[in-house]
*Asks:* 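This is the structure I have questions about; it appears just below.
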Amino acid sequence: MATFSKPLLDSLRRQKVSRKPLIILVATILLLTRSRLLALPKETLKSVSRKVAKSKQRLSTREVDDVLQQVYVKEEDGSKTLLLNVKETQREKFASDAPFFPPLSTSTKAKPNVNVAFLRQFRAIIFRVAFPSLWTKETMIVGLHSFFLVLRTVLSVIVAKLDGRLARDLVSI
């Protein structure tokens with residue numbers, strides 16, 4: 001067992017810890033999330049104010065704070081009302097997508113497998129639901145994300161080559 005000349009914990013306690021990295025981290029997080037932090041309550045408050053205007057009731061400050069914390073409101077008849085603005089899918093869209101999602105056979109339901117039925121449904125989900133057209137926002141986000149991942153990989157390989165050359169030249173001196 002190794003013995004240290006100075007106790008390790010005492011030397012660690014004497015070192016001054018800089019708070020600068022923590023402050024930089026908090027500032028970066030706040031800068032990156034500022035639009036979401038500011039936009040979400042405004043959108044929710046607008047949605048609530050529209051519903052209140054329809055019912056001609058005024059919410060107290062406490063009720064507004066409670067509404068900002070919840071997504072659903074329980075109605076008197078036991079149903080729930082969604083407070084977020086969600087675009088409802090039209091029945092025509094369901095009808096046009098129905099041929100791409102045929103009912104599965106009983107053997108497929110009992111034992112899921114990677115077969116033709118799975119690949120057909122997966123392709124339908126990807127190309128009909130997730131990316132309905134090439135120029136949608138979702139397609140662009142995934143495309144840009146993939147591009148930057150590949151770019152990061154290429155840059156990492158280049159930097160690794162440069163590090164190797166640098167180490168080779170240092171060793172040869």
Side-chain angles (χ1 to χ4, degrees), residues 21-51 54 64-171:
L22 179 63
I23 293 171
I24 291 173
L25 177 67
V26 170
T28 304
I29 291 171
L30 287 175
L31 281 173
L32 292 175
T33 60
R34 72 180 184 271
S35 62
R36 291 184 187 258
L37 293 173
L38 296 174
L40 183 63
K42 288 179 185 175
E43 292 170 5
T44 309
L45 196 56
K46 284 180 185 176
S47 172
V48 169
S49 64
R50 276 188 239 121
K51 290 186 186 281
K54 287 180 183 177
V64 171
D65 290 339
D66 288 342
V67 166
L68 290 175
Q69 296 298 319
Q70 59 186 342
V71 178
Y72 289 98
V73 173
K74 291 183 182 178
E75 300 293 338
E76 295 165 357
D77 61 351
S79 64
K80 293 182 179 180
T81 302
L82 182 65
L83 292 177
L84 301 176
N85 291 333
V86 178
K87 223 167 63 171
E88 291 188 27
T89 306
Q90 298 171 351
R91 294 194 184 277
E92 294 84 27
K93 179 66 177 163
F94 285 122
S96 68
D97 286 343
F100 296 99
F101 297 95
L104 296 175
S105 66
T106 55
S107 64
T108 307
K109 288 181 184 176
K111 184 179 178 188
N113 213 352
V114 178
N115 54 13
V116 177
F118 169 77
L119 293 175
R120 190 180 313 119
Q121 285 189 347
F122 183 71
R123 188 182 70 212
I125 289 170
I126 294 297
F127 295 116
R128 303 278 300 178
V129 178
F131 307 119
S133 96
L134 187 61
W135 302 110
T136 59
K137 179 176 72 171
E138 294 82 8
T139 307
M140 294 297 177
I141 289 172
V142 171
L144 281 173
H145 189 258
S146 301
F147 170 76
F148 284 116
L149 284 174
V150 170
L151 181 66
R152 184 184 74 174
T153 304
V154 170
L155 290 175
S156 296
V157 169
I158 292 171
V159 168
K161 284 182 183 179
L162 289 174
D163 285 344
R165 286 182 190 167
L166 182 65
R168 181 190 67 202
D169 291 342
L170 285 174
V171 169

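For the single chain, residues carry numbers from 1 onward in sequence order.
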*Asks:* Could you tell me whether the side chain of S156 and the main chain of R152 form a donor-acceptor pair under 3.5 Å?
*Replies:* yes

*Asks:* Considering non-hydrogen atoms only, spot the tightest contact between T139 and L134 and give its length.
*Replies:*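 Looking at all heavy atoms of both residues, the shortest contact is CG2-O, 3.4 Å.
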
*Asks:* Is the CZ atom of F122 crowded by more than 12 outside heavy atoms at less than 6.0 Å?
*Replies:*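 Counting other residues, nucleotides and ligands, CZ of F122 stays at 12 neighbours or fewer.
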
*Asks:* Measuring from L144:CG to L151:CG, what's the distance to the nearest 0.5 Å?
*Replies:*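 L144 atom CG to L151 atom CG measures 11.5 Å (nearest 0.5 Å).
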
*Asks:* If you compare all heavy atoms of F131 against all heavy atoms of E138, which two are closest, and at what distance to 0.1 Å?
*Replies:*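 Minimum heavy-atom contact is CE2-O, 3.8 Å.
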
*Asks:* Is there a donor-acceptor pair closer than 3.5 Å between any side-chain N or O of S146 and the backbone N or O of V142?
*Replies:* yes

*Asks:* Would you say the side chains of T136 and S133 form a donor-acceptor pair under 3.5 Å?
*Replies:*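 No.
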
*Asks:* Applying salt bridge (Lys or Arg N to Asp or Glu O under 4.0 Å), run through D97 and K93 and close with a yes or a no.
*Replies:* CA-CA 6 Å; D97 286 343; K93 179 66 177 163; 3.7 Å; yes

*Asks:* For residues K137 and M140, determine if any side-chain heavy atom of one lies less than 4.5 Å from a side-chain heavy atom of the other.
*Replies:*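 A side-chain contact is absent here, since even the closest heavy-atom pair is not under 4.5 Å.
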
*Asks:* Should the heavy atoms of other residues, nucleotides or ligands under 6.0 Å from CZ of R128 be counted, would the total exceed 12?
*Replies:* yes

*Asks:* Are there over 12 heavy-atom neighbours, none belonging to Q90, within less than 6.0 Å of that residue's CD?
*Replies:*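 For Q90, atom CD is not crowded (no more than 12 foreign heavy atoms under 6.0 Å).
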
*Asks:* Of all the heavy-atom pairs spanning P102 and R120, show the shortest one and how long it is.
*Replies:*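 Nearest pair, atom of P102 first, then R120: CG-NH1, 4.1 Å.
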
*Asks:* To the nearest 0.5 Å, what is the distance between CG (N115) and CD (Q121)?
*Replies:* 9.0 Å

*Asks:* May I ask you to test the F100-I125 pair for a side-chain heavy-atom distance under 4.5 Å?
*Replies:* no

*Asks:* Could you pull out the closest heavy-atom pair between P99 and S96, with the gap in Å?
*Replies:*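 So the two residues come closest at CD-O, 3.5 Å.
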
